[in-house]
**Student:** 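Here it is, the structure in full.
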Amino acid sequence: MYNASHVEHKWQKRWADSGLYTTSLHDEKRPKYYNLVMFPYPSGDKLHVGHWYNYAPADSWGRYMRMKGFNVFEPIGFDSFGLPAENYAIKTGIHPTVSIAQNCAKMEEQLSLIGTMYDWSKKVVTSDPEYYQWTQWVFLQLYKKGLAYRKRAPVNWCPSCQTVLANEQVNNGECDRCKSEVTKKELTQWFFNIRSYAERLLNFDGLDWPEKTKLMQQHWIGRSEGSTVQFEIFGRSGGKIEVYTTRVDTLFGCTYVVLAPEHPLVGEITEKLFEKDVKEYIDNAKRVTDINRSAEGRDKTGVETGAYAVNPVNGKRVPIWIADYVLMTYGTGAVMAVPAHDERDFAFAKKYELPVVTVVKPPRDNPAGPPTDGGVAKGEAYIDDGVLVSSGDYTGLSSEMARKKITELLKLDGVADFQVNYKLRDWLVSRQRYWGAPIPLIYCEKCGEVPLSEEQLPVLLPEDVEFRPKGGKSPLAFVDSFMATKCPTCGGDAQRESDTMDTFVDSSWYFLRYPAARMKEGAFSTELANKWLPVDMYIGGPEHACMHLLYARFINMVMHDLGFVDFEEPFTRLVHQGLVTKDGAKMSKSKGNVVSPDAFVSQYGSDVFRMYLMFMGPFEAGGDWSDQGITGVSRFVDRFWNLMADRTTKGSSDVGTGEKTNTGLASARLVHKTIKKVIDGIEAFTFNTAIAGLMEFVNEAMKVGVSMEDKKIMTRLIAPLAPHLAEEIWEHLGEKESVFASSYPTFDPAMLMETSVEIAIQVNGKVRGTVVLPVGCSRDEALRAARVIESVARYLVGADGAAVTVKKEIYVPDKLVGFVV
RNA sequence: GCCGGGGUGGUGAAAUGGCAGACACGAGAGACUUAAAAUCUCUUACCCGUAAGGGUGUGUGGGUUCGAGUCCCACCCUCGGCACCA
């Protein structure tokens with residue numbers, strides 16, 4: 001009887017004592033392999049099924065690569081700054097330093113129960129000063145390169161968390177963390193200029209990432225090619241409105257111009273008569289913005305300014321409107337409205353009875369396109385490209401050509417130019433919170449904004465703080481002993497920056513530090529980073545596609561540009577684990593459907609639990625948790641144990657397939673087939689089929705016995721999936737070293753060859769019988785053999801007993817024979 | 001609305017265009033047992049049939065093909081992501 005709990009304790013202790021998984025980072029003999037999982041947040045809750053679902057298969061992958069001969073580095077750490085610990089402190093008075101230390105210790109213990117081969121000597125904890133000092137250093141590097149800057153900007157503000165949120169942290173107008181409604185607030189904030197890296201971030205060359213993730217990042221970055229066009233303001237010499245458009249080909253169809261409510265020209269151009277309405281609209285827009293524009297649905301609103309703009313292409317006067325469907329944060333904050341060819345402009349024009357002028361028609365060679373005037377007649381905008389009409393000299397040009405020509409010509413007069421825009425906004429890194437890395441800057445009355453020097457790091461978080469944020473200021477702002485400092489330049493009185501950094505800054509460089517986790521002289525070792533990075537395999541949730549994964553790439557590129565590392569991309573291969581749900585719903589405390597692994601682990605053991613999670617389905621698909629199926633894996637482990645560890649092996653050294661041969665070939669074929677199936681499964685992250693392959697082998701071997709040699713093969717085969725079990729059997733089989741010091745079995749393709757094969761026989765596409773034929777049997781032989789099979793033959797004769805005409809004979813070697821009659 | 005996954009037995013699932021449902025769970029029957037648990041054996045897509053056998057089946061409707069879960073077109077449902085980006 002296999003005693004999982006005893007065996008697992010034994011091996012966990014032995015692994016830890018022997019330092020088996022402390023990777024020698026200077027080993028030159030084996031190729032390196034950096035196997036990384038996204039590090040966890042050390043929450044007070046226990047490790048849940050989702051953690052296991054992520055970490056256990058990731059560890060199996062690492063163990064597999066290790067046995068394949070790689071020197072595998074598999075580190076782990078804790079992403080320990082952030083709101084939950086601070087909110088917990090506000091509620092309970094327990095200091096984050098204390099609660100985080102407790103949580104880390106607890107999670108470390110739980111993580112070791114999984115039986116992972118983490119190299120704990122390289123642990124990083126982002127809230128330790130020895131780490132965040134270097135997060136501050138990273139900030140300074142960006143500052144020096146001109147990539148960190150301050151600006152006053154309307155920001156997403158969570159009234160409940162009293163903090164600023166990144167766009168990425170706002171969902172449906174709600175705060176990502178507390179679900180409160182997000183409002184706007186004007187604050188001076190620190191930003192990282194990630195936009196200047198937009199173009200490079202769009203390039204995924206050489207990255208083995210899921211297509212889906214690349215697409216999501218591309219959409220997030222949102223590159224668009226267009227033109228800026230300047231409209232003169234009628235009656236105001238020198239007054240100009242610059243608009244951005246991707247459809248300059250529709251310029252002749254522009255019937256009005258729209259400014260965002262926040263546009264700086266609004267006050268200047270509004271005519272007296274319209275001032276009251278405009279003011280009202282803008283006030284309203286601010287409030288509407290506060291409540292969240294999307295909550296208003298898609299209904300467009302706007303107000304007239306009374307001013308007019310002049311279309312540079314034809315000198316036509318068009319009214320200037322203000323509407324909140326134009327965003328100040330994208331393009332120039334002003335658009336030329338072409339209702340005939342833009343859905344939003346069309347809806348707006350209909351509502352306010354503005355003219356609709358068609359200037360693009362479907363190309364003649366596209367009969368599928370709308371018929372007459374592009375669709376305006378049908379009550380909708382024609383938004384596709386086509387051929388220009390009513391467009392002066394440009395009439396008859398294709399949209400594509402017209403965009404080029406119109407911009408080029410207007411460019412000569414200096415009123416237009418080509419322009420590429422991105423949806424991506426700069427990364428807002430200021431947080432008005434306590435539990436984060438302080439931004440390493442001071443404000444001096446004489447010298448202004450002064451960055452600290454490296455020697456002045458870390459800027460330590462003060463211990464004694466009132467955590468509750470007040471009025472949009474960080475709790476640090478109220479700690480005089482922290483705030484008051486001397487200017488490093490002039491020595492005069494100065495104030496520290498009171499904001500801390502977004503925790504995404506912490507996690508955007510941690511993978512660089514792991515190889516030199518204890519390093520005191522720098523954030524990371526250039527030498528070790530160049531040796532060990534990029535990360536060969538990065539495993540984590542798809543929810544990080546547009547945040548963490550984008551930020552990490554950005555920071556890594558900056559480090560590259562500064563000459564600290566010689567690779568641009570940090571993660572070569574990326575795999576996302578699927579979501580484990582319970583009754584179809586995401587597990588969450590509020591729903592009360594969180595499944596705790598602990599009871600299952602103590603009942604069945606961690607190997608069984610790990611394999612059950614892997615057996616549920618493909619790793620990337622996730623699945624719905626059910627308590628039931630685990631018994632199947634548990635039975636399998638018992639049978640595997642009984643079969644392998646039982647020394648009274650049946651005398652035969654062969655594992656038969658029911659047609660046992662004297663040569664033993666049949667058994668070898670099953671062994672090799674199993675090896676192939678397991679390897680294929682692991683490589684594809686479909687561990688379920690790998691485990692199924694092992695089950696098939698055991699089911700067969702139970703009947704006929706298994707040789708010592710094959711026992712050793714199977715034990716090595718299962719080792720990455722059930723590490724404790726494999727070690728124990730390995731020892732039982734008389735091996736002295738760890739099974740993970742052995743190599744992974746390989747298969748011989750020649751051994752997979754069958755001598756005979758069962759072939760399906762189809763008549764008119766329907767299977768009517770089968771026949772066993774030698775492999776590589778000729779067409780004639782196969783057809784002859786197929787014809788005489790009774791269940792087939794009767795379909796080849798008519799009612800009168802005469803042979804029917806066979807119109808076609810098909811032979812797919814070693815697969816099937818087909819007759820068409 | 002747009003972009004991307006995904007729809008296969010009672011359940012989780014498997015299947016280079018070639019015998020759909022491997023491997024498991026559950027269920028049913030049996031063996032062992034004083035009994036139960038555990039274990040082992042057999043059955044288990046659906047319909048008709050005592051059976052032999054036949055028919056129908058991979059979200060729906062079309063198409064390509066000797067042959068489609070797999071490829072193409074249209075649609076429905078579902079899960080994720082984005083959402084006035086000019």
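Quick note on labels: first sequence line is chain A, next is B, and so on, each numbered from 1.
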**Student:** Is there a donor and acceptor pair, one atom on the side chain of A:Lys300 and one on the base of B:C84, closer than 3.5 Å?
**Tutor:**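 Yes.
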
**Student:** OP1 or OP2 of B:A86 versus the side-chain N and O atoms of A:Tyr330: is any pair under 4.0 Å?
**Tutor:**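 Yes, A:Tyr330 has a side-chain N/O under 4.0 Å of OP1/OP2 on B:A86.
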
**Student:** Exactly one of A:Val357, A:Val243, A:Asp345, A:Asn311 should register a side-chain contact (heavy atoms from CB on, under 4.5 Å) with A:Cys254. Which one does?
**Tutor:**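 Checked A:Val357, A:Val243, A:Asp345, A:Asn311 against A:Cys254; only one passes side-chain contact (heavy atoms from CB on, under 4.5 Å): A:Asn311.
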
**Student:** Rounded to whole angstrom, note down the P distance from B:U70 over to B:U58.
**Tutor:**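 The answer is 9 Å between these two P atoms.
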
**Student:** Base, sugar-phosphate, or nothing for A:Ser224, non-hydrogen atoms under 4.0 angstrom?
**Tutor:**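 Sugar-phosphate only.
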
**Student:** So, does A:Thr689 use its side chain to make a donor-acceptor pair with the main chain of A:Thr686 at under 3.5 Å?
**Tutor:**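 Indeed, once roles are kept as given, a pair shorter than 3.5 Å links the two residues.
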
**Student:** For each nucleotide in nucleotides 10-19 of chain B, reading 5' to 3', give B when a protein heavy atom comes within less than 4.0 Å of its base, S when such contact involves only the sugar-phosphate, and - otherwise.
**Tutor:** --BSS-B-BB

**Student:** Nearest to the side chain of A:Met695, heavy atoms from C-beta on, is which of B:A24, B:G4, B:A86?
**Tutor:**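 So the side chain of A:Met695 is nearest to B:A24.
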
**Student:** When the P atoms of B:C75 and B:G21 are considered, how many whole Å apart are they?
**Tutor:**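 My reading of the P atoms in B:C75 and B:G21 gives 33 Å.
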
**Student:** Roughly how many Å is it from CD1 in A:Ile691 to C1' in B:C25, rounded to a whole number?
**Tutor:**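 From A:Ile691 CD1 to B:C25 C1': 14 Å.
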
**Student:** Hey, does the side chain of A:Thr245 reach the backbone of A:Ser227 with a donor-acceptor pair shorter than 3.5 angstrom?
**Tutor:**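 Between the backbone of A:Ser227 and the side chain of A:Thr245 there is no qualifying donor-acceptor contact (under 3.5 Å).
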
**Student:** Could you give the CE-to-C1' distance, from A:Met547 to B:G81, as a whole number of Å?
**Tutor:**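 Checked: the CE to C1' distance equals 11 Å.
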
**Student:** Side chain of A:Asp249, backbone of A:Ala402: donor and acceptor closer than 3.5 Å?
**Tutor:**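 Pair absent, no side-chain N/O of A:Asp249 close to backbone of A:Ala402.
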
**Student:** What nucleotide among B:A86, B:C23, B:C66 has an atom nearest to a side-chain atom of A:Asn699?
**Tutor:**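 Comparing B:A86, B:C23, B:C66 against the side chain of A:Asn699, the answer is B:C23.
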
**Student:** Angle class for the A:Phe609/A:Trp625 ring planes (parallel below 30°, perpendicular above 60°, tilted otherwise)?
**Tutor:**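 Tilted.
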
**Student:** How long is the line joining CZ of A:Phe819 and P of B:U65, in whole Å?
**Tutor:**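 Taking CZ of A:Phe819 and P of B:U65, I get 22 Å after rounding.
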
**Student:** Now, which nucleotide makes the Watson-Crick or G-U wobble pair with B:C82, with each of the two distances under 3.5 Å?
**Tutor:**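 Its partner is B:G1.
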
**Student:** Using whole Å, report how far NZ of A:Lys423 lies from C1' of B:A83.
**Tutor:**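 Atom NZ in A:Lys423 sits about 8 Å away from atom C1' in B:A83.
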
**Student:** Check whether any side-chain N or O of A:Tyr352 sits under 3.5 Å from a backbone N or O of A:Gly302 as a donor-acceptor pair, and report yes or no.
**Tutor:**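 Indeed, once roles are kept as given, a pair shorter than 3.5 Å links the two residues.
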
**Student:** For the side chain of A:Glu696, starting at C-beta, report the closest nucleotide among B:A86, B:C84, B:C23.
**Tutor:**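 Nucleotide nearest to A:Glu696's side chain: B:C23.
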
**Student:** Start at the 5' end of RNA chain B and walk down; is the nucleotide closest to A:Arg639 or to A:Gln628 reached first?
**Tutor:**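 Residue closer to the 5' terminus by nearest nucleotide: A:Gln628.
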
**Student:** Could you work out the separation of B:A38 and B:G28 based on their P atoms and round it to a whole Å?
**Tutor:**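 The answer is 13 Å between these two P atoms.
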
**Student:** For the P atoms, the ones on B:G57 and on B:G63, what distance do you get once it is rounded to whole angstrom?
**Tutor:**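 Between the two P atoms, the distance is 15 Å.
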
**Student:** Students often get this wrong, so: under 4.0 angstrom with heavy atoms, is A:Val820 touching a base, only sugar-phosphate, or nothing?
**Tutor:**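 Since only primed, P, OP1 and OP2 atoms lie under 4.0 Å of A:Val820, the category is sugar-phosphate.
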
**Student:** Distance between the C1' atoms of B:U44 and B:A24, in whole angstroms?
**Tutor:**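 It comes out at 14 Å once rounded to the nearest Å.
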
**Student:** Return the 5'-most residue of the pair A:Gly331, A:Asp638 with respect to RNA chain B, ranking by each residue's nearest nucleotide.
**Tutor:**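 In this pair, the answer is A:Asp638.
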
**Student:** Could you check if a side-chain atom of A:Met611 sits within less than 4.5 angstrom of a side-chain atom of A:Tyr604, using non-hydrogen atoms only?
**Tutor:**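 In short, these two side chains do not touch, never coming nearer than 4.5 Å.
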
**Student:** How many Å lie between CZ on A:Phe640 and P on B:A24, as a whole number?
**Tutor:**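 Nearest whole value for this atom pair: 14 Å.
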
**Student:** Give a yes/no verdict on a cation-pi contact between A:Arg553 and A:Trp209, requiring under 6.0 Å between NZ or CZ and the six-membered ring centre and an angle within 45° of the axis.
**Tutor:**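 Yes; both conditions hold, so A:Arg553 lies above the ring face of A:Trp209.
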
**Student:** Provide the Watson-Crick or G-U wobble partner of B:C23, both distances under 3.5 Å; none if there is no partner.
**Tutor:**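 The answer is B:G12, by the H-bond criterion.
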
**Student:** If you measure from the P atom in B:G67 to the same atom in B:G49, how many Å do you get, rounded?
**Tutor:**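 Straight-line distance between the two P atoms is 32 Å.
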
**Student:** I'd like the P distance from B:G12 over to B:G59, given in whole Å.
**Tutor:**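 Each nucleotide's P atom is 14 Å from the other's.
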
**Student:** Tell me which nucleotide, if any, is Watson-Crick or G-U wobble paired with B:U39 when both distances must be under 3.5 Å.
**Tutor:**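 Its partner is B:A31.
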
**Student:** Does the side chain of A:Lys212 get closer than 4.0 angstrom to OP1 or OP2 of B:G5 through an N or O atom?
**Tutor:**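 Answer is no, no contact under 4.0 Å.
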
**Student:** On a whole-Å scale, what distance lies between the P atoms belonging to B:U64 and B:G69?
**Tutor:**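 Comparing P positions in B:U64 and B:G69 gives a spacing of 16 Å.
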
**Student:** Start with the C-alpha gap between A:Phe348 and A:Trp321, add the side-chain angles, then the distance that decides, and say whether ring pair (Phe, Tyr, Trp, His ring centres under 6.0 Å) holds.
**Tutor:** CA-CA 11 Å; A:Phe348 191 82; A:Trp321 283 68; 5.5 Å; yes

**Student:** Could you tell me whether the phosphate oxygens of B:C40, OP1 or OP2, come under 4.0 Å of any side-chain nitrogen or oxygen in A:Arg635?
**Tutor:**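 Looking at the OP1 and OP2 atoms of B:C40, neither is under 4.0 Å from any side-chain N or O of A:Arg635.
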
**Student:** What's the OH-P distance between A:Tyr612 and B:C25, to the nearest Å?
**Tutor:**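 It works out to 11 Å between those atoms.
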
**Student:** For a quick check of understanding: with a heavy-atom distance under 4.0 Å over all strands, which category does A:Thr631 fall into, base, sugar-phosphate or nothing?
**Tutor:**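 A:Thr631: backbone/sugar contact only, no base atoms under 4.0 Å.
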
**Student:** Would you check if A:Pro312 and A:Val229 make a side-chain contact, meaning some heavy-atom pair closer than 4.5 Å?
**Tutor:**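 Side-chain contact under 4.5 Å: yes.
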
**Student:** Measure from the side chain of A:Ala692, starting at C-beta and using heavy atoms only, and say which of B:G4, B:A86, B:C23 lies closest.
**Tutor:**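 Nearest to the side chain of A:Ala692 among the choices is B:C23.
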
**Student:** Among the candidates B:C82, B:A24, B:C66, find the nucleotide nearest to the side-chain atoms of A:Trp220.
**Tutor:**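 Selected nucleotide: B:C82.
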
**Student:** For B:G28, measure the glycosidic angle (O4'-C1'-N9-C4 for a purine, O4'-C1'-N1-C2 for a pyrimidine) and name it syn if it falls within 90° of 0, otherwise anti.
**Tutor:**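 Here the answer is anti: the torsion falls beyond 90° from 0.
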
**Student:** In whole angstrom, give the distance that lies between atom CZ of A:Phe346 and atom P of B:C84.
**Tutor:**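 To the nearest whole Å, that distance equals 21 Å.
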
**Student:** Between atom CD in A:Gln217 and atom C1' in B:G4, what is the gap in whole Å?
**Tutor:**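 Going from CD in A:Gln217 over to C1' in B:G4 covers 15 Å.
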
